[in-house]
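The structure appears right after this line, and notes come after that.
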Amino acid sequence: MEDQKIALPTEGVDYILRVDGLKQHFPIQKNLFGKPTAFLKAVDGVSFKLERGKTLGIVGESGCGKTTLGRTILRLYDVTEGSAVYTSKKENGEVKDYDLATLSRGELAKLRTELQLVFQDPYSSLPPRMTVGEIISEAVRVHHIVPDAEVREYVRGVMKRCGLQEHHFDRYPHEFSGGQRQRICIARALAVKPKLVICDEPVSALDVSIQAQIINLLKKLQREEEMSYLFISHDLSVVKYISDSIAVMYLGNIVETGSTNDICGSPRHPYTQALFSAVPVANPHRKSEPVALEGELPSPANPPKGCKFHTRCKFCTQKCKDEAPALREVHPGHFVACHLSPEEMNSHEAEA
């Protein structure tokens with residue numbers, strides 16, 4: 001599929017992150033000389049923009065490339081192709097753009113306090129031999145966030161804001177529940193005063209009641225610190241609640257993106273419609289009718305020609321098999337990668 005371009009307005013809009021044609025291809029086969037001959041295309045030309053102080057939700061099936069996208073932006077994986085431009089704003093008013101895809105390791109290290117990641121699994125992402133205080137204060141000391149004499153008091157303040165008690169400071173991760181461990185992960189990320197936080201399914205391993213607590217905590221901290229979130233999840237209900245805008249991924253590409261109201265209230269792409277039809281309806285008088293997708297998710301190592309979704313789409317035409325659709329605007333700020341005309345999309349949406 002060709003690199004996706006989204007023509008969003010730039011005048012008067014403060015974007016903290018602009019991703020353009022980002023690709024992450026992992027070599028899976030090499031010839032006798034060690035040269036890669038086959039690739040797994042985990043992220044295949046993704047473009048989007050994230051406003052400062054807002055939340056962009058990334059949704060899709062398992063294996064669609066959501067987590068790889070987040071890790072590639074933060075350069076936990078080296079970028080295959082494309083750019084991820086982070087706009088830094090200092091307290092003195094200085095504004096500077098950094099292309100995270102091309103920065104050296106030393107240059108990236110200087111930005112780590114502004115860019116943070118909350119991992120998916122609160123059980124494996126915390127070092128078991130370090131106390132909570134040591135875990136949270138490690139980055140604070142490395143990046144000299146506060147003088148060494150003030151670190152302990154500073155960390156206690158961060159813990160309190162994240163719903164942790166002072167006596168938790170000297171305890172170990174195995175002594176906490178899943179929800180408390182996730183609060184520790186959030187406190188570790190927030191301790192260095194980040195501006196952009198990538199949340200990689202931060203509540204998927206938690207009970208529903210604990211999920212609500214963590215999501216409300218993230219929203220509260222966002223309001224207080226004016227942080228921006230890239231929120232990765234397969235739980236559409238959670239994404240709908242926390243996100244200002246949503247991007248739907250399928251097999252390494254964005255197939256639909258727009259405001260949360262547009263995506264949740266009027267999904268246009270057949271894949272998005274199928275995803276939202278599977279969300280349980282909290283109304284005993286309304287019958288839910290999930291749209292069944294045909295076939296299995298194709299392999300990202302050998303994606304279908306043309307539209308990657310055509311092997312599972314009941315509206316597939318010959319054009320879908322031959323030509324990859326570009327993202328086009330069907331409503332102000334609402335983009336869809338589909339060959340169906342807006343009129344055909346509306347008719348199919350009405351039928352759904």
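Remember, it's a predicted structure, so these values are computed and weren't measured experimentally.
Here the side chain of S83 pairs no donor or acceptor atom with the backbone of D99 at under 3.5 angstrom. The main-chain N or O of D244 is never found under 3.5 Å from a side-chain atom of T55 such that the two would form a donor-acceptor pair. The backbone N or O of L217 lies less than 3.5 Å from no partner atom in the side chain of R183, so there is not a single donor-acceptor pair. Side chain of S228 to main chain of G53: a donor-acceptor pair is present (N/O by atom type, distance under 3.5 Å, no hydrogens or angles). A side-chain donor-acceptor contact under 3.5 Å links T257 to the backbone of I246. Side-chain N or O atoms of K66 include one that pairs as donor or acceptor with a backbone N or O of E61 at under 3.5 Å. Here the side chain of Q116 pairs a donor or acceptor atom with the backbone of R112 at under 3.5 angstrom. Listed for the D200 side chain is no donor-acceptor partner under 3.5 Å among the backbone atoms of V118.
There is a path of hydrophobic side-chain contacts, each under 4.5 Å, that joins L74 to Y98. A single hydrophobic cluster is seen to contain both L196 and V79, as judged by linkage of ILVMFWY side chains at heavy-atom distances under 4.5 Å, directly or through other members. Side-chain heavy atoms closer than 4.5 Å link hydrophobic residues (I, L, V, M, F, W, Y) into clusters, and following such links, even through other members, never connects I210 to M159.
Residue I16 forms a side chain to side chain contact (heavy atoms under 4.5 Å, CB included) with just one option from V85, L230, L50, and that option is L50. When each of P325, C320, P270 is tested with H310 by the rule side chain to side chain contact (heavy atoms under 4.5 Å, CB included), just one qualifies, namely C320.
Residues Y241 and N216 have side chains that bring a donor and an acceptor to within less than 3.5 angstrom of each other. A side-chain N or O of E256 and one of T272 form a donor-acceptor pair less than 3.5 Å apart.
Across all their heavy atoms, A139 and I145 have their closest contact at O-CG1, 4.5 Å. Listed here is the closest heavy atom pair of H334 and D262: ND1-CB, 3.7 Å. Nearest approach of L218 to P202, heavy atoms of both residues: CD1-CG, 4.4 Å. Contact between L111 and Y86 at its shortest, heavy atoms only, is CD2-CE2, 4.2 Å. The two atoms that bring P27 and P36 nearest to each other are CB-CB, 3.8 Å, heavy atoms only. Closest of all the heavy-atom pairs between Q24 and D78 is NE2-O, 2.7 Å.
The aromatic rings of Y271 and H269 sit perpendicular, their planes meeting at an angle over 60°, well past the 30° parallel limit.
Ion pairing of R161 with E225 is present here, as a side-chain N (NZ or NE/NH1/NH2) and a carboxylate O approach within less than 4.0 Å.
For S88, the side-chain hydrogen bond (donor to acceptor under 3.5 Å, both in side chains) partners two or more places apart in sequence, or in a different chain, are E114. With sequence neighbours left out, T87 forms a side-chain hydrogen bond (donor to acceptor under 3.5 Å, both in side chains) with R18, D97. Every side chain to side chain contact (heavy atoms under 4.5 Å, CB included) that R223 has, sequence neighbours left out, goes to K219, K220.
Counted within 6.0 Å of CD on E134, heavy atoms from surrounding residues, nucleotides or ligands total more than 12; the atom is thus considered enclosed. A 6.0 Å sphere centred on CD of E153 holds no more than 12 heavy atoms belonging to other residues, nucleotides or ligands.
Listed by first and then second residue, the ring-ring contact (aromatic ring centres under 6.0 Å, His included) pairs that reach into residues 117-170 are H168-F176, sequence neighbours excluded. Pairs of residues two or more places apart, or lying in two chains, that qualify as side-chain hydrogen bond (donor to acceptor under 3.5 Å, both in side chains) and include a residue from residues 25-34 are H25-D44.
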Would you sort out whether E107 and K96 count as a salt bridge (charged side-chain N to carboxylate O under 4.0 Å, His left out), showing the intermediate values?
CA-CA 13 Å; E107 292 171 323; K96 188 174 181 180; over 6 Å; no

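In the hydrophobic clustering, where aliphatic and aromatic side chains (Ile, Leu, Val, Met, Phe, Trp, Tyr) are joined below 4.5 Å either directly or transitively, F26 groups with I28, L40, Y77.
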